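All remarks here apply to the structure that follows.
All residue numbers refer to positions in the sequence shown, counting from 1. Each ligand, and each atom within it, is numbered from 1 in the order the structure gives. These numbers were taken from a predicted model, which means no experiment stands behind them.
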Amino acid sequence: MYAFPSHTAASIPTSDETPTSDLPPLLVLRPLSDTWLSALNAKFTLYSPSSPLSASVHAALISGAYNRVDPALLDQYPSLRCLVNTGAGVNHINLEECKRRGVQVANVGETHSKNVADYAVGLLLDVMRRITMSDRYVRNGLWVTRGNYPLGSKLGGKRVGIVGLGSIGSAIAKRLEAFECKISYLSRKAKPTVSYRYIPNICDLAAESDILVVSCALTKETHHIVNKQVLQALGKEGIIINIGRGASIDEPELVRCLAQGEIKGAGLDVFEHEPNIPKELIELENVVLTPHQSVFTPEAMAEVIQICIANFEAFFTGKPVITPVVAD
Ligand SMILES: O=CC(=O)O
């Protein structure tokens, strides 16, 4: 999922039982690039999970890709009081268990929202205007032998249903307003501050949309929120975009609907069992597939490092973390 290059957590110089620095100790439970390592090394003494002292460290850096934070993991590190997650989604963290054990949890707040929103619009334009498909067509020499590629559809003016109008969904809506799209949304509650239409039922939202964009957090309530009925309500001309979490869509059902022409196309950056993607999906022409990368830009990464450091600095000076995640 998170394609951070180079170092793995195991390659962090393991501080031994006699710390040689006064910098606060930090357990690193995720792979790190050189940029991360040098930024963190300047502020903290880094411990890898294999360090004999790891069980006594109070703060840890984690990521959604590698760390399911469940009672078993928390048992291994009984001294932990602060976890900072380098992403936005926290479906891999048992927040109630953290709360029960007095572990503060932070993520990176809204840092990723604009990047993810740009990417969602990019995927949508790609699917509708068939950009990747046309690229394949040209590369395969088919322009010469078969002539022009079939027309894609216009995005402007389409009805877009946004599932989850949090900071990512709102940033997507704002971008799509510029395309004169008609925006409706589903979220836990209607948002009095927005003018978009609130449709509290997902099947109704799909039935009233040409495009469904999934941008909600993955929770018990949103697991497979897009199921067979929703896809059927979206209909044969419908397009689905997912930049949230794969398991918000019933993936086998999505593949079946795409293959049988029950919906028109999909742009997917997330999947149910990453990095594994159903073979049938890969074989389909009407989809654009990318490897869970909507958050990644160098600009976002620089910001993420600063936010993670600021959270740890708050924790180590006895203050609450600055971008807390709270259990519902
Ligand atoms: O998917 C990425 C994130 O949760 O930040």
Here the atoms of ligand 1 under 4.0 Å from any heavy atom belonging to His112 are 5 (O)
For Leu23, does its backbone N or O pair with a side-chain atom of Thr45 as donor and acceptor, under 3.5 Å?
yes
In terms of atom number and element, which parts of ligand 1 are under 4.0 angstrom from non-hydrogen atoms of Arg245?
1 (O), 2 (C), 3 (C), 4 (O)
Numbered atoms and elements of ligand 1 in range of Gly89, under 4.0 angstrom, heavy atoms:
3 (C), 4 (O), 5 (O)
Carefully, step by step, assess Glu221 and Arg188 under the rule salt bridge (charged side-chain N to carboxylate O under 4.0 Å, His left out).
CA-CA 10 Å; Glu221 293 74 34; Arg188 279 183 237 200; 5.8 Å; no
Between Asp135 and Ile131, is there a donor-acceptor pair closer than 3.5 Å when you use the side chain of the first and the backbone of the second?
no
Show me which atoms of ligand 1 lie under 4.0 Å from any heavy atom of Gly87.
3 (C), 5 (O)
By number and element, which atoms of ligand 1 are closer than 4.0 Å to a non-hydrogen atom of Val295?
2 (C), 5 (O)
Backbone N/O of Ala217 and side chain of Thr222: donor-acceptor pair under 3.5 Å:
yes
Atoms of ligand 1 less than 4.0 Å from His292 heavy atoms?
1 (O), 2 (C)
Should the pair Tyr185 and Tyr196 be assigned to parallel (<30°), tilted (30 to 60°) or perpendicular (>60°) ring geometry?
perpendicular
May I ask you to check whether Ala88 has an N/O atom sitting below 3.5 Å from an N/O atom of ligand 1?
yes
Under 3.5 Å: donor-acceptor pair, side chain of Asn286, backbone of Lys264:
yes
